[in-house]
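The block underneath contains the structure these notes are about, expressed in C-alpha cells.
All figures in this text were calculated on a predicted structure; none of them were measured in a lab.
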Amino acid sequence: MSGYLIRRVGQALLVLWGAYTVTYFILYLLPGDTLSIMLSASGMEADALSPADLAKARAYYGLDKGLIAQYLDLLGRALHGDLGQSLSLNRPVVDLLAERLPQTLSLAGLAILLSLVGGVGLAYLTAYVQWRPLKVALTRVPSFGFSIPVFWMGLLLIQVFAFGLGWFPATGSKGVDSLVLPAITLAIPSAAVYAQVLQRGFQNVWQEPYIQTAFAKGLSRAQVQARHGLRNAALPILTLVGLQVGNTVSGAVLVETIFSRNGVGRLAQEAVLRQDIPVVLAIVAVSATAFVVINLIVDLLYPWLDPRITHSPKVA
C-alpha cells in the first residue's frame with residue numbers, strides 16, 4: 001500500500017505540474033496584449049500612456065520578462081506558497097481565493113450531494129419497480145436529464161421558482177436559499193449520469209449467482225437489493241464521482257454566471273477575459289489538486305467496497 005501511495009502521489013504531482021504548465025502557455029496563445037487588456041478593464045487606454053510609463057507598468061507586473069522567465073518565476077513562487085498578485089484587481093491571489101472559494105465549495109458540495117441522492121435514488125427505484133411501463137419510463141429519465149443544456153435549465157428554474165413562485169432568490173450569494181437553484185442546476189447532469197450507470201449496474205448484478213442465493217435464503221427483494229445489489233452495482237459510481245469533480249468545477253463557471261454568484265467559477269471567467277494569468281493559474285492549481293485528491297480517495301475506497309480489488313502487487 002505504501003508503494004502504491006508513493007506512485008499515486010508522484011502521478012498527482014505530475015498532473016498538477018502539467019495542468020499548470022499547459023494553462024500558462026495556452027493563456028499566452030490568446031490574442032491581445034495582457035497589459036492593454038488590464039488597462040482597458042480599468043477604464044484606461046494604452047495609447048494614453050507614454051512609452052516610458054508603459055515600460056514601467058510592464059516591469060512592475062513582471063511582463064517585461066521573457067515567456068520562459070515569467071513561467072519559471074510564477075512556478076517558483078507557487079512552489080513556495082506564493083500565488084502572486086492579480087494583474088487586473090491588484091490584490092493577492094490568495095486573498096481573492098479566500099473570499100470566493102467558500103462560495104464555490106458550498107455550491108459544489110451541495111450539488112454533489114444532490115446529484116448522488118437523486119441519481120442513486122432514481123436507479124434504486126428503477127431496479128425495485130417491477131411494473132414494466134413505469135420501469136421503462138424511469139430508465140429514460142437520465143437521458144432527458146443530461147441532454148438539457150445547463151444554462152437553459154438554470155433559466156427555467158429561475159423563471160419558475162424565483163419569478164413565478166417566489167420561493168428562492170434568482171441571483172446572489174447570501175443565505176442558504178440562494179444555493180438551492182444553482183445547486184440543482186449543477187446537480188442534474190451528474191445525477192443523470194449516476195442514475196444511468198447505476199441502472200445498468202443493477203441490471204448486471206441481478207444476474208449474478210449470489211443474488212439468486214440470497215433469494216433462496218428467503219430474503220425479500222428490498223433486502224437483497226439493499227444488502228447485496230447496491231454495494232456491488234455502485235462500484236462504477238466511485239469512478240464517476242472522481243471524474244465529476246472536474247465537471248462540477250467547469251460547470252460552476254456557467255452556473256455562477258447565470259445566478260450572479262461571487263464564486264471561483266465567476267472569478268475564473270473574469271480572469272480569462274482579462275488574461276489575469278496569476279489568478280487563472282491559481283484556480284487551475286486548486287481545481288487540479290481537488291481532482292487528484294478525490295480520485296486518490298476513490299482508489300483507496302475500492303477495496304472496501306469489493307474485497308476482490310487490491311492495491312498489493314501481484315505475486316507470480
Side-chain angles (χ1 to χ4, degrees), residues 12-46 49 52-108 173 245-246 248-257 260-293:
L13 293 176
L14 186 62
V15 168
L16 291 176
W17 172 76
Y20 191 92
T21 302
V22 170
T23 302
Y24 174 83
F25 287 103
I26 286 178
L27 287 172
Y28 270 97
L29 293 176
L30 295 176
D33 177 66
T34 302
L35 183 60
S36 299
I37 294 173
M38 289 169 47
L39 293 174
S40 179
S42 61
M44 299 178 60
E45 296 295 335
L49 299 178
D53 290 335
L54 287 174
K56 290 181 181 179
R58 290 186 183 279
Y60 176 79
Y61 290 109
L63 300 174
D64 58 330
K65 302 177 183 178
L67 184 66
I68 303 299
Q70 291 184 53
Y71 165 73
L72 294 176
D73 182 51
L74 288 171
L75 181 60
R77 291 182 181 180
L79 292 175
H80 289 85
D82 181 8
L83 299 178
Q85 191 92 351
S86 169
L87 301 181
S88 59
L89 300 176
N90 199 27
R91 293 182 58 193
V93 177
V94 173
D95 292 347
L96 293 174
L97 290 178
E99 289 179 3
R100 304 289 189 98
L101 197 56
Q103 295 290 342
T104 300
L105 288 178
S106 59
L107 172 60
S173 306
V245 170
T248 301
V249 172
S250 60
V253 176
L254 181 57
V255 171
E256 288 180 351
T257 301
S260 298
R261 293 185 59 83
N262 292 321
V264 173
R266 195 174 179 190
L267 177 64
Q269 179 206 25
E270 296 168 352
V272 170
L273 292 176
R274 297 173 181 174
Q275 292 190 14
D276 198 336
I277 295 173
V279 174
V280 177
L281 290 176
I283 293 173
V284 168
V286 171
S287 303
T289 300
F291 182 83
V292 297
V293 168

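Between the CG atom in Leu75 and the CD1 atom in Ile68 there is a gap of 11.0 Å [rounded to 0.5 Å]. Within the model, atoms OG1 of Thr21 and CZ of Phe25 stand 7.0 Å from one another, a figure rounded to the nearest 0.5 Å. Here CD1 of Ile283 is found 9.5 Å from CG of Leu101. Values are rounded to the nearest 0.5 Å.
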Item to check | Trace of the side chain to side chain contact (heavy atoms under 4.5 Å, CB included) decision for Gln103 with Val264 | outcome: CA-CA 8 Å; Gln103 295 290 342; Val264 173; over 6 Å; no
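Of all non-hydrogen atoms in Pro102 and Leu97, the two that sit nearest each other are CD-O, 4.0 Å. The two residues Val284 and Ala19 make their nearest non-hydrogen contact at CG1-O, 3.8 Å.
Remark: Ala271 pairs with Asp276, Val279, Val280 by the side-chain contact (heavy atoms from CB on, under 4.5 Å) rule, at least two apart or across chains. With sequence neighbours left out, the side chain to side chain donor-acceptor pair (under 3.5 Å) criterion links Thr289 to no other residue. Residues that satisfy the side chain to side chain donor-acceptor pair (under 3.5 Å) test with Asp95, not counting sequence neighbours, are absent from this structure.
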